[in-house]
Amino acid sequence: MDNERLQRLIRRVDPEFTGRPGLWQLQVAGIGVRIVTDPKNDRMRILIPIRETDDLSRDDLYRLSQANFDTTLDARYAIAQGVLWSSFVHPLSSLTDEEFLSGLGQVVNIARTYGETYSSGLLNFSGGDSENIIERELLEELKKKGELI
C-alpha cells in the first residue's frame, strides 16, 4: 500500500473526502474519520475522536480496557491529547485493501457502539469479560422494565 492507492480507496468510500496524500478526512455512516500516514516510518492510522476525557470515570476506563481485550478486535480505544479515540494502526507497506476497509469499518463501529456494546462488529474474542457484561446489562434493563408494570 502507498498513499496513492490509499487515496483511491478513500475516494471509493467517500467521493467527497477532503485532504491530501497522507492526511485525509472523510465521512463513513455519518461519522467523521481521519486517516494519517507516515510512509517514512511505514505507518497508517485511522482515527475517530469520540469524546473528551475530562470526565471519564475509573469504571469507564476499566470498561474500555475490557473491550480492547475482546470486542474491539483490530480497532482500539485510545487516549491522546485529552480525547478518547477509536483507532486502527497498521504498517502502511503491508496493508491490503481488505485490511484497510475492515479496519475502517471496525473503527467506525467501535465509535458508534461506545457506551453500549463497545464492539467492532466482528466476532468476540472468548475469554474476556464483555459477553458477561452485555448479558448482565440486558438483564438489568429487563428488570427495570418489569418494575414499571
Side-chain angles (χ1 to χ4, degrees), residues 1-138 140-141:
M1 182 68 68
D2 59 24
N3 279 341
E4 184 179 316
R5 176 137 188 93
L6 192 53
Q7 185 159 306
R8 286 196 305 267
L9 284 168
I10 291 167
R11 181 173 281 117
R12 287 185 8 214
V13 172
D14 179 5
E16 297 179 13
F17 76 92
T18 60
R20 56 175 169 72
L23 182 59
W24 300 272
Q25 293 187 26
L26 60 148
Q27 292 285 315
V28 177
I31 295 179
V33 179
R34 301 173 190 176
I35 300 171
V36 180
T37 62
D38 179 356
K40 181 180 176 185
N41 291 302
D42 195 28
R43 304 310 291 169
M44 185 276 321
R45 289 179 189 257
I46 303 171
L47 302 162
I48 297 173
I50 297 174
R51 60 170 288 185
E52 293 183 3
T53 58
D54 294 345
D55 60 347
L56 279 176
S57 70
R58 183 170 189 253
D59 288 343
D60 292 331
L61 294 170
Y62 193 84
R63 182 66 191 106
L64 292 169
S65 293
Q66 288 173 315
N68 275 347
F69 183 82
D70 58 14
T71 57
T72 64
L73 298 181
D74 301 322
R76 291 284 181 263
Y77 291 107
I79 294 174
Q81 302 173 353
V83 175
L84 173 65
W85 300 85
S86 171
S87 67
F88 174 78
V89 180
H90 197 284
L92 180 62
S93 63
S94 62
L95 182 68
T96 67
D97 294 7
E98 294 79 14
E99 288 169 331
F100 169 73
L101 294 169
S102 176
L104 180 60
Q106 290 179 60
V107 167
V108 170
N109 279 337
I110 70 168
R112 290 172 69 181
T113 63
Y114 167 76
E116 296 171 7
T117 61
Y118 301 85
S119 174
S120 67
L122 297 176
L123 56 97
N124 293 346
F125 179 76
S126 62
D129 298 327
S130 293
E131 188 173 322
N132 292 333
I133 290 169
I134 293 167
E135 290 173 1
R136 193 167 47 244
E137 288 174 350
L138 175 62
E140 289 176 21
E141 284 179 21

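We use all heavy atoms of the structure for the numbers below, so side chains are in, but hydrogens, waters and symmetry mates are not. We're numbering straight along the sequence, starting at 1. Everything quoted here is computed from the prediction, not taken from an experiment.
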Does one side chain, of [X] or [Y], offer a donor that lies under 3.5 Å from an acceptor on the other?
X      : Y      : result
Asp74  : Gln106 : yes
Ser65  : Asn68  : no
Ser102 : Glu98  : no

### Message
Please give me the minimum heavy-atom distance between Ser86 and Val107, naming the atom from each residue.
### Response
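Taking every non-hydrogen atom into account, OG-O, 2.7 Å.
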Report yes if the side chains of [X] and [Y] come closer than 4.5 Å at any heavy-atom pair, otherwise no.
X      : Y      : answer
Arg76  : Trp85  : no
Ile110 : Ile50  : no
Thr117 : Thr71  : no
Val28  : Leu104 : yes
Arg34  : Ile48  : no
Phe17  : Arg11  : yes
Tyr77  : Tyr118 : yes
Leu47  : Ile35  : no

Value rounded to 0.5 Å, distance of [atom1] in [X] from [atom2] in [Y]:
X      : Y     : atom1 : atom2 : result
Leu64  : Ile79 : CG    : CD1   : 6.5 Å
Trp24  : Leu9  : CH2   : CG    : 10.0 Å
Ser120 : Leu73 : OG    : CG    : 4.0 Å
Gln7   : Arg20 : CD    : CZ    : 11.0 Å
Leu84  : Asp54 : CG    : CG    : 12.0 Å
Leu95  : Met1  : CG    : CE    : 4.5 Å

### Query
Between Asp97 and Arg5, is the closest basic N to carboxylate O distance under 4.0 Å?
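Looking at Arg5 and Asp97, the cut-off is met.
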